[in-house]
Structure formats: C-alpha cells, structure tokens
A.B. asks: 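One structure is given below, represented as structure tokens, and several questions about it will come after.
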Amino acid sequence: MNNIISIKNVYKIYQMGQEKVSALQGVNLDIAEGAFCCLLGSSGSGKSTLLNMMAGLEKPSSGEIIIKGRHVEKMSEEKLALFRQKHIGFIFQAYNLLPTRTALENVEMPMIFQGKPRKIRQKMAADMLTAVGLGERLHHRPSQMSGGQQQRVGIARAFVSNPEIIFADEPTGNLDTKTTDEVMHLMTRIARANRQTLILVTHEPEIAGYMNQVVTIRDGCVESEKFNEITKINEPKDPNEVNETNEYAEMKGA
Ligand code: ADP
Ligand code: MG
C-alpha cells in the first residue's frame, strides 16, 4: 500500500519569550492511502501541532513532511495554500463556521476560493448538506442550529470538494455521546465511500474504535502505534427497533 503521508524526524520548537517549548520531539509516522488514523493523547501532548503540520498549516522546526510525494516543509506559502485547496479538508472542534452566513454559504466557501461557478457551487453545497442530513436546514445560520448540526455543516464543508485527505481536530470534543456517535459514523461513512484518508485528533479512547490506525502521542513523541480492525461500522439505531446492529454485536460475540 502507498503512503499518502510520511513524517520523518519532525521537531517543533516554539519560542515563548526566553523559554523554548518542545511540542514535537522527533516524530516518525507513515499513513497509508485510505487509512483512518487517529492521534490519541492527553492535552498538551502535541497532537494538534502534529495534525497542523500534516495539513500544511504550520512548518516544522526540522524534519520532513511528505504528502502525496511532495515535500510540504519546502513549499512556499502560496504553493501550500493551493496544495491545501486541492487535496485537503479540515474539520474543527469549534466548527469554525462563519456566523453571519447560512449553512449553504458556509459549505460554498471553499469552492469560491477554488473559482467554481456560482450555480455549480450552490448545487454541490446543497447536495452535500442533504447527504449529511441537513437538506431542510440550507438557509439556517450557525446560531439557529444545534452543535451536532453545526458540525454536520463543518463536515459538509470539508468533504464538498472531495479532497483526498480529511483532517479533524477533536471534531466531537464539544458534542454529547449520542451526537459523537452520529458524527463519527457520518464522517467515516463518507470517507469510506469515497476512499478518502481520514486523520483525526482525539483524547477520547472510544473514538479509536472507528479507526484502523491508532497512534498514541505522549510528550511530543509517538509512544505506540496499533493497527486494528474498525469495530464501529454500523449506524446507531433506535434501540426499540429490531436491527442489524444487535445481530452484528452477536456475531462478534459481544
Ligand atoms: P494537544 O493538541 O495534544 O493538546 P498541542 O499540540 O496544542 O497539544 O500543544 C503541544 C505543546 O506545545 C503544549 O505544551 C503547548 O502549550 C505548546 N504550543 C502549542 N502551540 C503553541 C504556540 N503557538 N506557541 C507556543 N507554544 C505552543
Ligand atoms: Mg489540541
């Protein structure tokens, strides 16, 4: 299998006045095309720094970051911006939607930068919002939607132009357990259907069940790496229904 991302001996040192903060201390990591990878670790361990680096949002102090065969650490800001537009989608913990814009306009936003014609943009945004279950909410603003709905808009915005790699930093960090499951199922279902690579940061071990590569980060280093089968595949359903989720659990001997 091809690696879509390779991180080689990456260090990140932040200068804080007189003090130096070592956020990453020699990280090596390979992520295969189509992997669902999660970076798991406690607060302050360096997860977001590593994710931002892989998404080309920050430059390393030293080391190499190779995405789709390209050395990202050597690209100019302009090249990097274009590279991100073409290949990368990003989902944030706090959704980062524009508060004065509707769901439709928020999802259209990345396509404006890509120079897509208005009619096409609107059609793609509406289709994507319908696909994430917000077909009835196209003209709602963020303040008129729940957290889970706002994150669905965030997901639609990240996926709308079908980028090869989706990054998500604590995407369910502000959501309750039920909504977390819905959002995780949604993201992995779309990524699976389109054969996209999904890279996600979390401090919640339960999220690892959705992923097949679990990388534990500690003190700016990769502490361990595990490859496993994805256990959480079926959609959560109404518990009163007779459903395949139970059959699936029985099959697994749960
Ligand atoms: P996590 O996402 O795992 O909570 P971060 O990657 O955000 O951790 O942070 C790792 C370490 O780097 C922390 O000690 C944090 O304080 C420090 N750090 C992160 N970003 C900056 C920055 N822009 N300036 C200075 N220090 C930073
Ligand atoms: Mg973080």
Side-chain angles (χ1 to χ4, degrees), residues 5-31 35-67 72-77 80-81 84 88-97 147-148 150-151 153-155 157-158 163 165-177 179-181 183-184 187-188 191 197-226:
I5 298 183
S6 280
I7 306 283
K8 294 188 200 296
N9 208 21
V10 160
Y11 284 79
K12 180 71 180 183
I13 296 153
Y14 292 108
Q15 186 81 45
M16 296 282 289
Q18 300 284 28
E19 231 180 292
K20 284 190 164 125
V21 180
S22 285
L24 297 176
Q25 315 198 59
V27 174
N28 290 288
L29 182 62
D30 287 322
I31 298 173
F36 288 0
C37 172
C38 90
L39 308 177
L40 184 65
S42 55
S43 174
S45 56
K47 307 178 299 292
S48 294
T49 305
L50 182 56
L51 193 80
N52 291 345
M53 224 139 273
M54 290 196 270
L57 295 168
E58 276 187 79
K59 289 267 167 86
S61 303
S62 67
E64 299 169 56
I65 297 171
I66 302 154
I67 308 182
V72 170
E73 82 279 2
K74 291 184 184 150
M75 279 186 205
S76 66
E77 285 304 323
L80 204 48
R84 277 201 306 266
I88 286 169
F90 207 103
I91 300 166
F92 303 86
Q93 175 173 355
Y95 327 126
N96 291 24
L97 304 176
Q150 288 182 63
Q151 193 57 298
V153 178
I155 290 169
R157 179 181 58 187
I165 315 171
I166 302 278
F167 293 98
D169 195 346
E170 308 258 11
T172 60
N174 293 2
L175 305 174
D176 62 41
T177 312
T179 316
T180 291
D181 273 335
V183 161
M184 285 306 301
M187 275 194 309
T188 52
T197 306
L198 190 59
I199 304 171
L200 180 148
V201 158
T202 185
H203 64 270
E204 296 171 85
E206 306 81 61
I207 299 287
Y210 292 93
M211 314 304 271
N212 57 11
Q213 179 180 12
V214 181
V215 180
T216 307
I217 308 290
R218 193 191 171 104
D219 296 336
C221 295
V222 173
E223 185 183 54
S224 66
E225 196 178 0
K226 252 187 13 203

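For ligands, and for the atoms within them, numbers begin at 1 and follow the listed sequence. The analysis underlying the following values was restricted to heavy atoms, covering all of them including side chains, and did not include hydrogens, waters or symmetry mates.
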A.B. asks: Check residues 207-214 and write down every donor-acceptor pair under 3.5 Å in which the side-chain atom is one partner and the other belongs to a residue at least two apart or another chain.
C.D. replies:
from, atom 1, to, atom 2, distance (Å)
Tyr210, OH, Asp181, OD1, 2.4
Asn212, OD1, Phe36, N, 3.0
Gln213, NE2, Asp30, O, 3.1
Gln213, NE2, Glu225, OE2, 2.7

A.B. asks: For residues 213-223, which residue pairs qualify under salt bridge (charged side-chain N to carboxylate O under 4.0 Å, His left out), counting only residues two or more places apart or in two chains?
C.D. replies: Arg218-Glu223
A.B. asks: Would you indicate whether the side-chain heavy atoms of Leu200 and Pro171 approach each other to under 4.5 Å?
C.D. replies: yes
A.B. asks: Could you check if a side-chain atom of Ile199 sits within less than 4.5 angstrom of a side-chain atom of Ile165, using non-hydrogen atoms only?
C.D. replies: yes
A.B. asks: Can you see whether Asn9 engages Glu64 through a side-chain donor-acceptor pair at a distance of less than 3.5 angstrom?
C.D. replies: no
A.B. asks: What residues sit with at least one heavy atom under 4.0 Å from ligand 1?
C.D. replies: Tyr14, Met16, Val21, Ala23, Ser42, Ser43, Gly44, Ser45, Gly46, Lys47, Ser48, Thr49
A.B. asks: Among Asn174, Thr172, Asp169, which one satisfies side chain to side chain donor-acceptor pair (under 3.5 Å) with Gln93?
C.D. replies: Asn174
A.B. asks: Return yes when atom CD of Gln15 has more than 12 non-hydrogen atoms of other residues, nucleotides or ligands closer than 6.0 Å, and no otherwise.
C.D. replies: yes
A.B. asks: Side chain of Arg157, backbone of Tyr95: donor and acceptor closer than 3.5 Å?
C.D. replies: yes
A.B. asks: Say whether Asn52 and Thr49, considering side chains only, have a donor N or O and an acceptor N or O under 3.5 Å apart.
C.D. replies: no
A.B. asks: What protein N/O/S atoms are found closer than 2.8 Å to the Mg ion (ligand 2)?
C.D. replies: Ser48 OG
